[in-house]
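When a residue number appears, it is its place in the shown sequence, counting from 1. Hydrogens, waters and symmetry mates are skipped; everything else that's a heavy atom, side chains included, is used.
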Amino acid sequence: MPKATSSTFKVQPTSAASRPKKNGESSASAAGAGAGGGGGARNHLFDTARFGQHILTNPLVAQGIVDKANLKPTDVVLEVGPGTGNLTVRILAACRKVVAVEMDPRMAAEVQKRVLGKPEQKKLEIMLGDFVKADLPYFDVCISNTPYQISSPLVFKLLSHRPIPRCAVLMFQREFALRLVAPAGSKLWGRLAANVQLYARVEHIMKVGKGNFRPPPQVESSVVRIMPRDPPPPVKFEEFDGLNRVIFSRMNKTIRAGFKAKGVAEMLEKNYRTWCAEQGVIIEDDFDIRVKIDTILTEAGYADNRAAKMDVDDLLK
């Protein structure tokens, strides 16, 4: 299997067979209890806690996620965190190829075992390593039961990928999902929603309860569909995000107040002087960055607006 990164992982024996038996408990019964029995906090066959994994076990939910991706027989699908392959086998049945990025070598081996000797085996490619650091291949659609700790990096890595994918159907912690789809003016509207909605249309697909996973997470989950805008708006993400960092830090105060916050004006003046030096622009001796900020905001007509009520179009202006 090609590695996504140069990182290596030392696998510690955590299988049920390595645990001491109690009251004559057999290895088979111990393995059965770890695989599907109780709703304990650990999966004894796979150290899911190590990588923040929660295996989706409900086949109806898994099939629903695949159906919402509207896959074509010619599609190449990128799956992030295939786990034991419950989603993978359903994706394989609906597309031309699946590239699965998995960090846990034992999980990757389990996925390969699911298709061993079947026609789907030729359609599956495993990349072993860290998705955030991986160089991604071409893909049309991304499907993921996302490890919660990489939710934000995953979204922005997908939005920055070229060529632009058709869509992504992703499982997230419900709070994070609701922040992604929040409209302007709502309680959850903020920098995350503004940055994502500039580059994509986002919609909530379904809620997924804790009981659909093994081990069950401590929070509820939701599935969202992200459809990147093609072509993307001609705006540098770093500049748009820099604006949002300033105004959303005090989103219920006026834009003018946000730019007058301690340290913001000094940062802007440093950046402006650097830009002028690169462009060969001469700065007047009596230059005052605060006056320039006021002039620009007043001319734009947004000096007294509040970020909490501004949508993406307002932010672009």
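- Counting only residues at least two apart or on different chains, the salt bridge (Lys or Arg N to Asp or Glu O under 4.0 Å) pairs with a member in residues 185-194 are R191-D241.
- The two atoms that bring C142 and L170 nearest to each other are SG-CD2, 4.0 Å, heavy atoms only.
- The minimum heavy-atom distance between A134 and M127, with the atom names listed, is CB-CE, 4.3 Å.
- Contacts classified as salt bridge (Lys or Arg N to Asp or Glu O under 4.0 Å) and involving residues 66-76 (residues at least two apart or in different chains) are given here: D75-R166.
- Remark: side-chain polar atoms of Q63 are not paired, donor with acceptor, to backbone N or O of P59 under 3.5 angstrom.
- In plain terms, the two heavy atoms of F240 and A194 that are nearest each other are CE2-O, 3.7 Å.
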Legend entry - Steps toward side chain to side chain contact (heavy atoms under 4.5 Å, CB included) verdict (I247, L315): CA-CA 10 Å; I247 65 176; L315 296 173; 3.3 Å; yes

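- Between the side chain of H54 and the main chain of R214, no donor-acceptor pair closer than 3.5 Å is present.
- Counting all heavy atoms, side chain and backbone alike, V111 lies closest to G83 at CG2-O, 3.1 Å.
- For the pair T298 and A303, the tightest heavy-atom approach, listed with the atom from each and the gap, is N-CB, 4.2 Å.
- Distance check, rounded to the nearest 0.5 Å: CZ of F259 to CE of M267 gives 8.0 Å.
- Scored by the side-chain hydrogen bond (donor to acceptor under 3.5 Å, both in side chains) test, R250 finds no partners at all (sequence neighbours excluded).
- Annotation: side-chain hydrogen bond (donor to acceptor under 3.5 Å, both in side chains) contacts of K123 (sequence neighbours excluded): none.
- Screening I143, L56, L87 for a side-chain contact (heavy atoms from CB on, under 4.5 Å) with M171, the sole residue that qualifies is L56.
- A distance-only check finds no donor-acceptor pair linking the side chain of E102 to the backbone of A109 [under 3.5 Å].
- T254 OG1 to N305 CG: the interatomic distance, rounded to the nearest 0.5 Å, is 9.0 Å.
- Residues meeting the ring pair (Phe, Tyr, Trp, His ring centres under 6.0 Å) test with F139, sequence neighbours left out: H161.
- The ring pair (Phe, Tyr, Trp, His ring centres under 6.0 Å) check on F172 picks up F176, with sequence neighbours excluded.
- Here the side chains of R225 and N70 are in contact, with some heavy-atom distance below 4.5 Å.
- Using a cutoff of 4.0 Å between basic side-chain nitrogens and carboxylate oxygens, E125 and K97 are scored as salt-bridged.
- When hydrophobic clusters are built by joining Ile, Leu, Val, Met, Phe, Trp and Tyr residues whose side-chain heavy atoms come closer than 4.5 Å, directly or via intermediates, F237 is grouped together with V235.
- Screening residues 169-184 for side chain to side chain donor-acceptor pair (under 3.5 Å), with sequence neighbours left out, gives R174-S222.
- Here the side chains of Y199 and I226 are not in contact, with every heavy-atom distance at 4.5 Å or above.
- Scanning for ring pair (Phe, Tyr, Trp, His ring centres under 6.0 Å) contacts around Y138 gives an empty result, with sequence neighbours left out.
- Among residues at least two apart or in separate chains, salt bridge (Lys or Arg N to Asp or Glu O under 4.0 Å) pairs with a member in residues 298-317 are R256-D304.
- Hydrophobic cluster membership is shared by L316 and L243, with clusters built from Ile, Leu, Val, Met, Phe, Trp and Tyr side chains linked at under 4.5 angstrom.
- With R114 contributing its side chain and E110 its backbone, the two residues share no donor-acceptor pair below 3.5 Å.
- How far CD1 of I126 is from CD of E79: 8.5 Å, rounded to the nearest 0.5 Å.
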Legend entry - From CA spacing to verdict: side chain to side chain contact (heavy atoms under 4.5 Å, CB included), L198, R229: CA-CA 8 Å; L198 172 67; R229 303 185 192 279; over 6 Å; no

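- Counting only distance, with no hydrogens or angles, the side chain of Q197 and the backbone of L180 share a donor-acceptor pair below 3.5 Å.
- Among L159, L158, D230, the one residue that satisfies the side-chain contact (heavy atoms from CB on, under 4.5 Å) test with I164 is D230.
- Ring-plane geometry between F248 and W189 is classed as perpendicular, the angle between the planes exceeding 60 degrees on a 0 to 90 degree scale with a lower cut at 30.
- A 4.5 Å side-chain heavy-atom check between M310 and I255 finds at least one atom pair inside the cut-off.
- Residue pairs meeting the salt bridge (Lys or Arg N to Asp or Glu O under 4.0 Å) criterion with at least one member in residues 138-165, sequence neighbours excluded, do not occur.
- With rounding to the nearest 0.5 angstrom, the CD atom of E203 is 4.0 Å from the CE atom of M227.
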Expected list for residues 274-286: side-chain donor-acceptor pairs under 3.5 angstrom, two or more places apart:
residue: T274; atom: OG1; partner: K270; partner atom: O; Å: 2.9

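- Taking all atoms of both residues into account, the shortest heavy-atom contact from A200 to P228 is CB-CA, 3.7 Å.
- A distance of 5.0 Å separates CD1 in I55 from OG1 in T84, rounded to the nearest 0.5 Å.
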Legend entry - Verdict with supporting geometry, F131 and S144, side chain to side chain contact (heavy atoms under 4.5 Å, CB included): CA-CA 11 Å; F131 168 82; S144 173; over 6 Å; no

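- With rounding to the nearest 0.5 Å, the separation of CG in L154 from OG1 in T146 is 5.0 Å.
- Residues that satisfy the side-chain hydrogen bond (donor to acceptor under 3.5 Å, both in side chains) test with R290, not counting sequence neighbours, are E266.
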